[in-house]
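What you see below is based on every heavy atom in this structure, not just the backbone, and it leaves out hydrogens, waters and symmetry mates. Just so it is clear, the model here is predicted, and its values are computed rather than measured.
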Amino acid sequence: MTLTDCYEQLGGSFEDVLGRLMDEKSVWKFAEKFLGDSTYHTLCDTFEKEQYEEAFRAAHTLKGICGNLGFSRLYQSSAALTESLRGQKREDAETLLEQVKKDYEQTVAALKDYQAQVNE
């Protein structure tokens, strides 16, 4: 599996992020850091505790990270959740959070598959 293949699995745009970060080594360096980032967990925790202002900030941060890293699918779902929380349309937010969770799991799975191959 190449990093391009990994990006295809996670619904990302490798070419876009390569244009920003200039080389494959840099792309992987930052993509791998995403695996240790706590923003997603903060989002889930604060949403569950009905701390919607904090959940909004976490969703917004996740959206930004995903945009910068070219994780298109997760970017789109986190952007939709961000706007729902911004507008306080919380009736939609729970459904949107479920999509973020699904997209996050797919993103992490693809990254871990690539990581395992790189670390062989």
Side-chain angles (χ1 to χ4, degrees):
M1 170 192 288
T2 66
L3 192 52
T4 302
D5 296 334
C6 176
Y7 264 77
E8 284 178 19
Q9 281 186 3
L10 59 82
S13 175
F14 181 71
E15 293 302 318
D16 287 349
V17 74
L18 188 60
R20 283 190 294 282
L21 297 179
M22 306 307 277
D23 63 52
E24 190 170 318
K25 185 177 179 181
S26 295
V27 172
W28 176 239
K29 174 185 167 186
F30 289 105
E32 189 173 34
K33 284 185 177 199
F34 177 79
L35 293 173
D37 185 80
S38 64
T39 303
Y40 168 77
H41 302 291
T42 300
L43 169 60
C44 293
D45 290 345
T46 55
F47 192 92
E48 184 178 312
K49 294 175 184 173
E50 298 181 5
Q51 297 171 339
Y52 297 116
E53 191 172 313
E54 292 297 319
F56 164 76
R57 280 196 276 282
H60 191 271
T61 300
L62 184 62
K63 176 186 83 163
I65 292 168
C66 292
N68 287 330
L69 291 175
F71 300 163
S72 304
R73 187 179 303 134
L74 184 53
Y75 169 81
Q76 291 170 357
S77 60
S78 60
L81 178 58
T82 298
E83 291 311 308
S84 177
L85 291 170
R86 179 191 318 271
Q88 299 181 2
K89 297 176 187 171
R90 296 193 184 112
E91 64 275 0
D92 298 334
E94 192 166 330
T95 301
L96 294 169
L97 178 61
E98 290 307 312
Q99 186 62 50
V100 168
K101 287 179 179 181
K102 178 182 171 188
D103 294 342
Y104 179 83
E105 289 171 11
Q106 290 174 340
T107 299
V108 167
L111 292 172
K112 285 186 176 183
D113 284 349
Y114 181 77
Q115 184 181 49
Q117 181 181 333
V118 169
N119 293 334
E120 287 182 341

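In this view, Arg57 and Glu53, Glu54 satisfy the salt bridge (Lys or Arg N to Asp or Glu O under 4.0 Å) rule, not counting sequence neighbours. Evaluation of the salt bridge (Lys or Arg N to Asp or Glu O under 4.0 Å) rule for Lys112 yields no partner, not counting sequence neighbours. In this structure, Glu94 has no salt bridge (Lys or Arg N to Asp or Glu O under 4.0 Å) partners at least two apart in sequence or on a different chain. With sequence neighbours left out, the side-chain hydrogen bond (donor to acceptor under 3.5 Å, both in side chains) criterion links Asp23 to Ser26. For Lys102, the side chain to side chain contact (heavy atoms under 4.5 Å, CB included) test picks out Gln99, Gln106, with sequence neighbours left out. Scanning for side chain to side chain contact (heavy atoms under 4.5 Å, CB included) contacts around Ser72 gives Ser13, with sequence neighbours left out. Applying the side chain to side chain contact (heavy atoms under 4.5 Å, CB included) criterion to Ala80, with sequence neighbours excluded, gives Leu96. Every ring-ring contact (aromatic ring centres under 6.0 Å, His included) that Phe34 has, sequence neighbours left out, goes to Phe71, Tyr104. Residues forming a side-chain hydrogen bond (donor to acceptor under 3.5 Å, both in side chains) with Ser77 (at least two apart in sequence, or on another chain): Asp103. Applying the side chain to side chain contact (heavy atoms under 4.5 Å, CB included) criterion to Thr4, with sequence neighbours excluded, gives Thr2, Glu8, Phe14.
When each of Leu69, Val108, Val100 is paired with Leu74, the side chain to side chain contact (heavy atoms under 4.5 Å, CB included) condition holds for Val100 and for no other.
For residues 25-36, no residue pair satisfies the salt bridge (charged side-chain N to carboxylate O under 4.0 Å, His left out) rule, not counting sequence neighbours.
Here the side chain of Gln9 pairs no donor or acceptor atom with the backbone of Ala110 at under 3.5 angstrom.
Between Ala93 and Ser84, the shortest heavy-atom distance links the atoms N-OG, 3.5 Å. In plain terms, the two heavy atoms of Glu24 and Tyr114 that are nearest each other are OE2-OH, 3.8 Å. For Tyr40 against Lys101, the heavy-atom pair with the smallest separation is OH-CG, 3.1 Å. Contact detail for Ile65 and Thr39: the closest heavy-atom pair is CD1-OG1, 3.9 Å. Nearest heavy atoms, Gly67 versus Arg20: O-NH2, 3.0 Å.
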Next item on the list: Kindly indicate, with the supporting measurements, whether the criterion side chain to side chain contact (heavy atoms under 4.5 Å, CB included) is fulfilled by Leu10 and Leu111.
Entry: CA-CA 8 Å; Leu10 59 82; Leu111 292 172; 3.9 Å; yes

Next item on the list: Go through Tyr7 and Val17 one step at a time and tell me if the side chain to side chain contact (heavy atoms under 4.5 Å, CB included) criterion holds.
Entry: CA-CA 10 Å; Tyr7 264 77; Val17 74; 3.7 Å; yes

Check: Under the side chain to side chain contact (heavy atoms under 4.5 Å, CB included) criterion, do Leu81 and Leu62 qualify, and how do the steps go?
Finding: CA-CA 10 Å; Leu81 178 58; Leu62 184 62; over 6 Å; no

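Atom CD of Gln115 and atom SG of Cys6 lie 10.0 Å apart (nearest 0.5 Å).
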Please tabulate, one pair per line, all N/O donor-acceptor pairs under 3.5 Å involving side-chain atoms of residues 43-52, not counting sequence neighbours.
unit_1, atom_1, unit_2, atom_2, d
Thr46, OG1, Thr42, O, 2.8
Thr46, OG1, Leu43, O, 3.2
Thr46, OG1, Ala55, N, 3.4

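Hydrophobic clustering (ILVMFWY, side-chain heavy atoms < 4.5 Å, transitive): Leu35 and Tyr75 are in distinct clusters.
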